[in-house]
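Structure first, commentary second.
From a predicted model like this one, the values you see are computed outputs, not experimental measurements. All heavy atoms count here, side chains included; hydrogens, waters and symmetry mates do not.
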Amino acid sequence: MGFVQTIQKKAEELYDSPRFTIAAFFLILVSVLIAYSNTFNASFHFDDTPAIVDNYSIKHMNFDSIVNTLKANRGVVMFSLMINYALGGLNVVGYHVFNILVHALNSMFVYLLILWTLSLPLLMGKYGSRSRRMALFGALLFAVHPVQTESVTYIITRTELLATFFYLSSFLLFIQGVRKQNFLYHVGAGVTAVLAANSKEWAVTLPAVLFVYDYLFLAEGSFKAVLSRWMSYVLVALSWGVVAYHLDLTSGGSNAAVGFSVVTTSGITKGTYLLTSFNVIWTYIRLLFLPINQNLDYDYAIAKTLFEFPTLLSFLGHVAVVGFAFWAYVKKGWTLAPFGIAWFYIGLSPVQSFVPIVDVIFEHRVYMPSIGFFIVFVAAYEGLFDWLEKRKGNKSGVKAQAA
C-alpha cells in the first residue's frame, strides 16, 4: 500500500471514530489561535475605556463587589473583566486571551450543534455519513471568518462572545434534555439562558429560536410534542426577567445599561431605524459572503422612506428570503435552510428592527446570528454537490441507454 493510500485509510478510520471530535476541537483551537495570533497586544478602544480602564467597580475583588457586579446589568461580562483585572491589571494580553478562548469554545459548540442536529433521526438518513465533515466545515467557517474580528479583538464586545457561549450552551443542554429525557438538562438550559441574558440583552431571543428548532428537528413538525415541553420553555424564558429587571423605560434618554436607546436618538426615529436596518442586514450578508471594506465605525446613510433606492429593494429581498424559507419547508420539506434563516433574522431582531440605537450598524451584532448563515451555507454547499452528482448520474444513465 502506497503512502497516499495509507494516509487516506488512516483519515477514513479517524473520520469514523469518536476521536474525530477531539481532532476537530484541536483543529478549531489551532485555527482560531493562528487567525488571531497578531491581536494579543491590540490596545483598548472606544468603550473599552469607560468599561475597563476607568471602571472602578472591577478593580477591587471581594465578596461584596462580586455579588454587586453579578447583580448589575451584564454582570457576567463585568465579572469576567474583574477577573482579568485581578490577574493582570490593565495588561491587554489577558483580556485578549480570554476573548480568543471563548470564541474557540463557541466554535466548538457550533460544531456540536451542527453534528447533533444532523445526527437526529430526521436527518440521519440523509447526512449521517457526512455529518462530522459538515459540522467541522461550519464550525471552521464561524471560527475564522473575518466578520468575527470585531467581536473577538474589540475587548468589550466579549458581551457578544459570552452571550453566545451561554446561548449555545442552552441549546446543547436543551437538545440533550430531549434526547435523554432528563429534566436536569432543561434546568441547566434555564440557568445558562439567564447567564446569556446577563451578558447581552439580545439573548431574550433564545426561547423563540429554540421553539423553531424543537418544532423542525426534535418534534418533527408536531406542535403537540413541542407544547409538551412547556416547562422547559418557562425555565428558558426566565432570561426575560433579567432584561426586564434592568430595562428602564422611564429614563427619558439613552438607556446605556441595556445597550440600546428606549427613545428616539438624534436624527433617527423608530421608522427610519427600521428602514435603515433593511439595508444594514444586507450589508451583514454581503460581509458574510465577501468580507471586504470592514469597519469598526461605519458612516452609514439613514433611510428616510421605504420607497427609495436601495431601501425598497432591500425590503423586497428580505421578503423573498423569508418567503423562500417557508416555501422550502412547506413544499420541499427542507429544514436546515429554513432554520438557519430563522436563526439569522430572529437573532438580529433586537438590534436591527424598530428600537433606535445611536450606531445603526456594528459588525459585532452579526456574531451570533452568523451561525444561522453558516448553517444555510453548509446545507446549500452539500445540496449543490448532491445535485451535481445526481445530474452526473442521470447523464451517465442516458449515455448507457444510448449505447
Side-chain angles (χ1 to χ4, degrees), residues 46-47 50-51 73-74 147 150-151 154 156-157 159-160 163 197 199-209 239-240 242-288 293-323 325 341-370 372-373:
F46 298 111
D47 290 345
N73 192 67
R74 298 185 182 177
V147 81
E150 181 180 308
S151 298
Y154 181 19
I156 195 57
T157 51
T159 52
E160 304 292 331
S199 299
K200 198 69 180 283
E201 293 72 27
W202 53 250
V204 296
T205 61
L206 179 59
V209 181
S239 58
W240 296 349
V242 174
V243 176
Y245 175 76
H246 295 291
L247 183 62
D248 181 6
L249 295 175
T250 62
S251 62
S254 179
N255 193 334
V258 175
F260 52 74
S261 174
V262 296
V263 296
T264 57
T265 55
S266 179
I268 306 175
T269 67
K270 292 179 176 63
T272 58
Y273 188 83
L274 176 62
L275 294 174
T276 305
S277 290
F278 292 151
N279 299 327
V280 167
I281 293 172
W282 280 111
T283 299
Y284 293 147
I285 295 173
R286 191 268 299 168
L287 287 170
L288 287 164
N293 298 324
Q294 291 181 250
N295 200 321
L296 179 61
D297 189 17
Y298 284 83
D299 182 16
Y300 208 89
I302 304 300
K304 302 299 182 182
T305 174
L306 177 62
F307 300 102
E308 65 181 11
F309 186 85
T311 308
L312 179 59
L313 185 62
S314 295
F315 172 73
L316 294 176
H318 294 307
V319 171
V321 171
V322 175
I341 292 170
W343 179 300
F344 182 77
Y345 279 101
I346 295 174
L348 279 173
S349 61
V351 292
Q352 300 295 169
S353 54
F354 56 84
V355 180
I357 308 176
V358 175
D359 296 290
V360 297
I361 179 173
F362 259 131
E363 290 176 13
H364 65 252
R365 294 176 188 166
V366 81
Y367 181 80
M368 189 280 291
S370 70
F373 174 88

_Residues forming a side chain to side chain donor-acceptor pair (under 3.5 Å) with Trp202, sequence neighbours excluded_ = Glu160

*Is any side-chain heavy atom of Ile357 closer than 4.5 Å to a side-chain heavy atom of Arg365?*
yes

*Return the set of residues passing side chain to side chain donor-acceptor pair (under 3.5 Å) with Tyr154 (not counting sequence neighbours), or none when no residue passes.*
none

*Could you give all pairs that pass the ring-ring contact (aromatic ring centres under 6.0 Å, His included) test and reach residues 296-317, with sequence neighbours left out?*
Phe278-Phe315

*Could you pull out all residues at least two apart from Ser370 that satisfy side chain to side chain donor-acceptor pair (under 3.5 Å)?*
Gln148

*Without swapping roles, check the side chain of Gln352 against the backbone of Thr276 for a donor-acceptor pair under 3.5 Å.*
no

*ring-ring contact (aromatic ring centres under 6.0 Å, His included) involving Phe373 - partner list, sequence neighbours excluded*: Phe289

*Shortest non-hydrogen separation from Tyr284 to Val366 and the atoms involved*: CB-CG2, 3.9 Å

*Kindly give the heavy-atom pair with the smallest separation between Gly347 and Pro369, and that separation in Å.*
C-CG, 3.7 Å

*Between the side chain of Thr272 and the main-chain N/O of Ile268, is any donor-acceptor distance below 3.5 Å?*
no

*Do you know which two heavy atoms are closest between Ala203 and Ser239, and how far apart they sit?*
O-OG, 4.4 Å

_Derivation and outcome, side chain to side chain contact (heavy atoms under 4.5 Å, CB included), residues Leu275 and Lys304_ = CA-CA 7 Å; Leu275 294 174; Lys304 302 299 182 182; over 6 Å; no

*Identify, with sequence neighbours excluded, every residue that meets side chain to side chain donor-acceptor pair (under 3.5 Å) alongside Ser314.*
Asn279

*How close do Ser151 and Tyr367 get, heavy atom to heavy atom, and via which atoms?*
OG-CB, 3.4 Å

*Verify side chain to side chain contact (heavy atoms under 4.5 Å, CB included) between Ile285 and Phe344, making sure each step is shown before the conclusion.*
CA-CA 10 Å; Ile285 295 173; Phe344 182 77; 3.8 Å; yes

_Between Glu201 and Asn73, does the side chain to side chain contact (heavy atoms under 4.5 Å, CB included) criterion hold? Intermediate values first, please._
CA-CA 9 Å; Glu201 293 72 27; Asn73 192 67; 3.0 Å; yes

*asked:* Could you check whether any side-chain N or O of Asp359 sits under 3.5 Å from a backbone N or O of Ile361, counting only pairs where one atom can act as donor and the other as acceptor?
replied: no

*Could you walk me through whether Tyr273 and Val355 pass side chain to side chain contact (heavy atoms under 4.5 Å, CB included), step by step?*
CA-CA 7 Å; Tyr273 188 83; Val355 180; 5.8 Å; no

*Starting at CG of Asn293, measure out to OG1 of Thr283 and round the result to the nearest 0.5 Å.*
11.0 Å

*When rounded to the nearest 0.5 angstrom, what is the spacing between CG in Leu313 and CH2 in Trp282?*
8.5 Å

*Working to the nearest 0.5 Å, report the span between CD1 of Ile156 and CZ of Arg74.*
8.0 Å

_Gap between atom NE2 of His318 and atom CD1 of Ile341 - 0.5 Å precision_ = 12.0 Å

*List the steps and the verdict of side chain to side chain donor-acceptor pair (under 3.5 Å) for Thr305 and Glu308.*
CA-CA 6 Å; Thr305 174; Glu308 65 181 11; 5.9 Å; no

_Smallest separation among heavy atoms of Met368 and Trp343, with atom names_ = O-NE1, 3.0 Å

*Which pair of non-hydrogen atoms, one from Asn295 and one from Glu150, has the smallest distance, and what is that distance?*
O-OE1, 3.8 Å

*If you measure from CG on Leu288 to CD on Glu363, what distance do you get to the nearest 0.5 Å?*
9.5 Å

